[in-house]
Amino acid sequence: MSITLKKEKTNVVSLLSFLCPLIYFASYLTRKDYSIVMDAIISQELINENMAGLVETLGVISYGIGQVISGILGDRFKPQKLIMCGLGVTVLCNIAMPFTPAAGRGALWFINGFAQSMLWPPLVRIMAAVMDEKKYNTVASNVNVAGISGTIFIYITSSLIWLKYFDSWKLTFFTSAIITAIILVLWIVGFKKITKTSDIHFERKKSEEKTDKSGKKLSFKLILGSGFIFIALAIIAQGALRDGITDWVPTLLRNTFEIPSSYAILYSVIIPIIGVISMKIVGIAANKWVKEELNGSLAVFIAAAILCTVLYLIYTRNQYVTVAVAAIIVGAMWAINFFLVCVVPAKFEKYGIVSTMSGIINSLTYVGTSLAVTGFPSLTKDGDWGLCIFVWIFIAAFGAIMCIAGVRAWKRFKSE
């Protein structure tokens, strides 16, 4: 590779290292804002928890289904354009949400979920195409940190500004839409610069797909033999704990300690903060110490099961300790998310299906999410979350067992 081409690629990688985290920051602004203000919607509009949770569930279902579709499209067409379309639609959905009656919010959030699904798989496709393993791990970690940072931003602005001073959850959606529109413009301008100064293409020709360098063909049997089914089940467990706990902790705090929604949301900001710390640590660990993603996930699942047991024993005693332990559990799930959702898809780069596998894998996360968002409230009785937390212990243990079951087959798949 000539010096000029090396410089061009370095510049492209640097620009993408800036743009890709911005996309996920915008994604979380416009996807997590509903779940963050969901408790305020419940208390202000006097709707029941199941009805409010259904809106979130429809968005999650659409997001999960769309992940697979967008993953396939991301390997066939220009992934940057898919991202542009997804951001544009999600901006419109967030602007419309405050004007939509309760009965229509589920349909709107279903559309928003599909628009959101057009972001992650193409993003992974772009990063895997131009970055080496170390740079990919670093940027993938930063992308997730940016996403969690978007969640923190919504927690803080909603609780300290919009709910506290204006008693309005609706302003949260306007804030998300405006910031995302600005990031969309940056993405369009940035990619125009990339296409003008570089000859790098992110889509593959059909002849380059589904075989590795030795000519070995990808097959359903090969994927099953990789231990992927066990990875898939572990991902579902991770999604259930990560998003289920995140979405329902404000309600848990309000029910258990009888505090206002604005305070419950504010206290819950520690959850994404711990998530940021977790992602930065695991990004460093993946480059320096943890070389086997299933072994890393196994250790974290075991730690999570222990923490869920602790939470079960103490959750009614102190609101600050309760939210702190819950935050550490969610942080642990973000570490597993990095290993299984960010790193695993990149191992399919040699077959030209990174975006497809990324879409399938990320959709599995939201299978767990959808089960948790609708299922966890049904495990509570008269505001008592004890049974629900008890179930969290078994979900974490199940995830650990799946990692044990899949580790050998996955090692063999990578070595081949």
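Source: prediction; values computed, not measured.
Taking the six-membered ring where the residue is Trp, the centroids of F191 and W187 are separated by under 6.0 Å. Here F339 and W410 keep their ring centres 6.0 angstrom or further from each other. Under the 6.0 Å cut-off for aromatic ring centres, F398 and F394 do not qualify, their centroids lying 6.0 Å or more apart. The aromatic ring centroids of W120 and Y24 lie less than 6.0 Å from each other.
Atoms OH and OH, from Y63 and Y366 in turn, are 4.5 Å apart once rounded to the nearest 0.5 Å. With values rounded to the nearest 0.5 angstrom, S70 atom OG is found 6.5 Å from L82 atom CG. With rounding to the nearest 0.5 Å, the separation of CG in N337 from OG in S297 is 9.5 Å. For the atom pair SG (C403) and CD (E292), the distance works out to 12.0 Å, reported to the nearest 0.5 Å. The distance from atom OH of Y267 to atom CG of L253, rounded to the nearest 0.5 Å, is 9.0 Å. Residue I236 holds its CD1 atom at 12.5 Å from CG of L241, rounded to the nearest 0.5 Å.
Side chains of N94 and S176: a donor-acceptor N/O pair is absent below 3.5 angstrom, by distance only. In summary, the side chains of Y315 and D384 do present a donor paired with an acceptor at a separation below 3.5 Å, with no hydrogens or angles considered. At a cut-off of 3.5 Å, with distance as the only test, no side-chain donor of N11 or K193 sits close to an acceptor on the other residue. Looking at N112 and T90, their side chains do bring a donor and an acceptor atom within 3.5 Å of each other.
At a threshold of 4.0 Å, the pair K347-E133 counts as salt-bridged, since one of the basic side-chain nitrogens sits closer than that to a carboxylate oxygen. Under 4.0 Å is where a charged nitrogen must lie from a carboxylate oxygen, and between D247 and R242 no such pair does.
A donor-acceptor pair is defined here as one N or O able to donate and one able to accept, closer than 3.5 Å; no such pair exists between the side chain of S62 and the backbone of G59. A donor-acceptor pair under 3.5 Å links the side-chain atoms of T256 to the main chain of L252, judged by distance alone. S358 places no side-chain N or O within 3.5 Å of a backbone atom of S355 that could act as its donor or acceptor partner. With S278 contributing its side chain and W334 its backbone, the two residues share no donor-acceptor pair below 3.5 Å.
Counting heavy atoms from C-beta on, the side chains of F114 and I65 never come closer than 4.5 Å. Side-chain atoms of L371 and F376, non-hydrogen and from C-beta on, never get closer than 4.5 Å to each other. When side chains are defined from C-beta on, V407 does not count as touching R412, because their heavy atoms never get closer than 4.5 Å. Side-chain contact between Q238 and T365: present, with at least one pair of heavy atoms (C-beta onward) separated by less than 4.5 Å. A 4.5 Å side-chain heavy-atom check between I194 and L15 finds at least one atom pair inside the cut-off. Considering only heavy atoms from C-beta on, K135 comes within 4.5 Å of S17 through its side chain. Taking the side chain as every heavy atom from C-beta outward, V89 and Q116 never approach each other to under 4.5 Å. You'll find the side chain of I235 reaches within 4.5 Å of the side chain of I361, heavy atoms only.
Taking all atoms of both residues into account, the shortest heavy-atom contact from A140 to C342 is CB-CB, 4.3 Å. Nearest heavy atoms, D33 versus T172: CB-CG2, 3.8 Å. Nearest heavy-atom pair, F338 versus S141, reported as atom, atom and distance to 0.1 Å: CE1-N, 3.9 Å. The nearest pair of heavy atoms linking G71 to P121 is CA-CB, 3.6 Å. Minimum heavy-atom separation, I328 to I274: CA-CG2, 4.0 Å. What you find for I183 and A26 is that their closest heavy atoms are CD1-CB, 3.8 Å.
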Verify side-chain contact (heavy atoms from CB on, under 4.5 Å) between M333 and T246, making sure each step is shown before the conclusion.
CA-CA 11 Å; M333 293 306 106; T246 300; over 6 Å; no

Apply side-chain contact (heavy atoms from CB on, under 4.5 Å) to the pair L16 and M127, showing each step before the final yes or no.
CA-CA 8 Å; L16 288 174; M127 292 189 297; over 6 Å; no

Derivation and outcome, side-chain contact (heavy atoms from CB on, under 4.5 Å), residues K411 and N295
CA-CA 10 Å; K411 282 183 182 178; N295 285 338; 3.9 Å; yes

Please report the C-alpha distance between M118 and I83 in whole Å, then the side-chain angles of each, then the deciding distance to 0.1 Å, and finally whether the side-chain contact (heavy atoms from CB on, under 4.5 Å) criterion is met.
CA-CA 6 Å; M118 299 171 73; I83 291 170; over 6 Å; no

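In this structure, W109 and F173 have perpendicular ring planes: the angle between them is above 60°, well past the 30° mark. Between F99 and F174, the ring planes are tilted. Angles from 30° to 60° get that label.
Within a 6.0 Å sphere centred on CD1 of I404, heavy atoms belonging to other residues, nucleotides or ligands number more than 12.
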